[in-house]
Amino acid sequence: MENIEDQDKKSFHELRAQIDPEVYEKWDCEQIYIRNLITEEDIFEWKLDPKSEKALKYIGGVDISFSQKHQDIAVAILVIIEYPSLKKVHEEFEIVKLDGPYIPGFLAFREAAHLVKLFKKLQINKPQFTPQVIMVDGNGILHQNACGLASHLGVLIDKPTIGIGKTIFYVDGLRKDVVLDKFKKVTDEGGFAVLQGDSGRVWGAAYKSKKDVVDPIIVSVGHKITLQSALDLISKCCNFRIPEPVRVADIRSRELVKKISLQEALTAPTNSLEFLTEKFDGDKKKKIMEKKNLVFKLKEEDFPSLF
DNA sequence: GCGACAG
DNA sequence: ATCTTGTCGC
């Protein structure tokens, strides 16, 4: 019974031990440097009111989805969502190879560079879709060095960013039970609990995006926006629990990563698909055939980096 | 001193 | 992050 806790302890310790102390120190330093470049003020021109002359038009959403086969292969994506329709109008993506493992607290050093690349591609391909604000899958200043992925990326591309976390990341006494306890008192859709740590500093908010959701989304300032403005925007972007820019980026990158896995299966020495279609009937067979169709529907334009 | 740790 | 079936509810 005693080793359940020990295993958790060990695996976390092992994660941190995967980077050598010098790299840790360097990254720590870099985060503190970047932190000083972050602003938590509204530095943008757009307005939420669609009738305004300066109405917000394009919101960006970024995410990275991984292949289950090769742990280091992933699809990085940037989707452009039109406001206020919340429809996807454009996407840029790339199949990428991750350098290192995920280390809690250092997500940006694994993902940020790939995301920056997508903004550069957008700049060249479709500059007219340049987003005015970006929602990031991960935290902003809600981070041990007040420099999570959303903030890190925001500084690199010099644009307003918002961090959207789906689970609670511990910082400054904000344990999971503490956050959920604060969130429990939020009852109305669109309501939120401000996440103030033991130090008194406000790190973000636990937001109730739908009336009956059990879990909050964790919102934190990335760069060039206030928490209040971030929440105001998010309140207009939630068709479901996760705001559309992040949700669509998530779904779409997963879709693409699966296509890539299937393509690998197609080029594999043994073709198990044939065997499976003969072996199973009904729904199972139907599902397999759908996957098969996916393979045949692969288009060159879906894989610019493969051609 | 330990432990809580985004994707 | 990823793997997954059924299942509960509108």
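- Rounding to whole angstrom units, CD1 of residue A:Ile162 and P of B:dA6 are separated by 21 Å.
- If you check every strand for non-hydrogen atoms under 4.0 Å, A:Asp63 touches sugar and phosphate atoms only.
- Between the P atom of B:dG7 and the CG atom of A:Asp99 lies a distance of 21 Å, rounded to the nearest Å.
- Ring-base stacking between A:Tyr102 and B:dG7 is satisfied, the centre separation being under 5.5 Å and the plane angle under 30°.
- One atom, CZ of A:Phe66, and another, P of B:dG7, lie 11 Å apart when rounded to the nearest Å.
- For the salt bridge (charged side-chain N to carboxylate O under 4.0 Å, His left out) condition, the pairs that include at least one residue of residues 123-148 of chain A, sequence neighbours left out, are A:Asp137-A:Lys166.
- Screening residues 232-245 of chain A for salt bridge (charged side-chain N to carboxylate O under 4.0 Å, His left out) gives A:Glu244-A:Arg247 as the qualifying pairs, with residues at least two apart or on separate chains.
- The separation between A:Asp250 atom CG and C:dA1 atom C1' is 10 Å, rounded to whole Å.
- Residue A:Ile218 is out of contact with every strand shown, counting any heavy-atom pair closer than 4.0 Å.
- Checking C:dT2, B:dA6, B:dG7 against the side-chain heavy atoms of A:Gln68 singles out C:dT2 as nearest.
- In this structure, the nucleotide among B:dA6, C:dT2, B:dG7 sitting nearest to the side chain of A:His143 is B:dA6.
- Across all strands shown, A:Asp137 has heavy atoms under 4.0 Å from sugar-phosphate atoms exclusively, and none from any base.
- At the phosphate of C:dA1, OP1 or OP2 sits under 4.0 Å from a side-chain N or O atom of A:Arg254.
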Inset, instruction - Treat a base pair as Watson-Crick or G-U wobble with both distances under 3.5 Å, then lay out DNA chain C in dot-bracket form, 5' to 3', with | for cross-strand pairs. - result: ..........
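- Taking A:Asp250 as the reference, A:Arg254 meet the side-chain hydrogen bond (donor to acceptor under 3.5 Å, both in side chains) condition, with sequence neighbours excluded.
- Within the structure, the side-chain hydrogen bond (donor to acceptor under 3.5 Å, both in side chains) test picks out the following pairs touching residues 194-203 of chain A (sequence neighbours left out): A:Glu40-A:Arg201, A:Asp172-A:Ser199, A:Asp172-A:Trp203.
- Between the CG atom of A:Leu256 and the P atom of C:dA1 there is a distance of 16 Å, given to the nearest Å.
- Pairs passing the salt bridge (charged side-chain N to carboxylate O under 4.0 Å, His left out) check and including a residue from residues 138-155 of chain A, sequence neighbours excluded, do not occur.
- Under 4.0 angstrom from either OP1 or OP2 of C:dA1 there lies at least one side-chain N or O belonging to A:Lys166.
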Legend entry - Base-pairing string, 5' to 3', of DNA chain B - Watson-Crick or wobble, under 3.5 Å, | interstrand: .......
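- To the nearest angstrom, P of C:dT2 lies 14 Å from CD1 of A:Ile73.
- Sorted by first then second residue, the side-chain hydrogen bond (donor to acceptor under 3.5 Å, both in side chains) pairs that include residues 204-225 of chain A, not counting sequence neighbours, are A:Asp158-A:Lys224.
- Not counting sequence neighbours, A:Thr187 has no partner by the side-chain contact (heavy atoms from CB on, under 4.5 Å) test.
- One finds a side-chain N or O of A:Thr167 lying less than 4.0 angstrom from the OP1 or OP2 phosphate oxygen of B:dG7.
- In this structure, A:Glu189 places its CD atom where more than 12 heavy-atom neighbours from other residues, nucleotides or ligands lie under 6.0 Å away.
- Contacts of A:Gly165 with the nucleic acid, taken as non-hydrogen atoms under 4.0 Å apart, involve only primed sugar atoms and P, OP1 or OP2.
- Note on A:Lys87 versus A:Glu82: no salt bridge recorded, every NZ/NE/NH1/NH2 to OD/OE distance being 4.0 Å or above.
- A:Tyr24 and A:Phe106 have their aromatic ring centers within a separation under 6.0 angstrom.
- Across all strands, A:Lys176 comes closer than 4.0 Å to no nucleic acid atom at all (heavy-atom distances).
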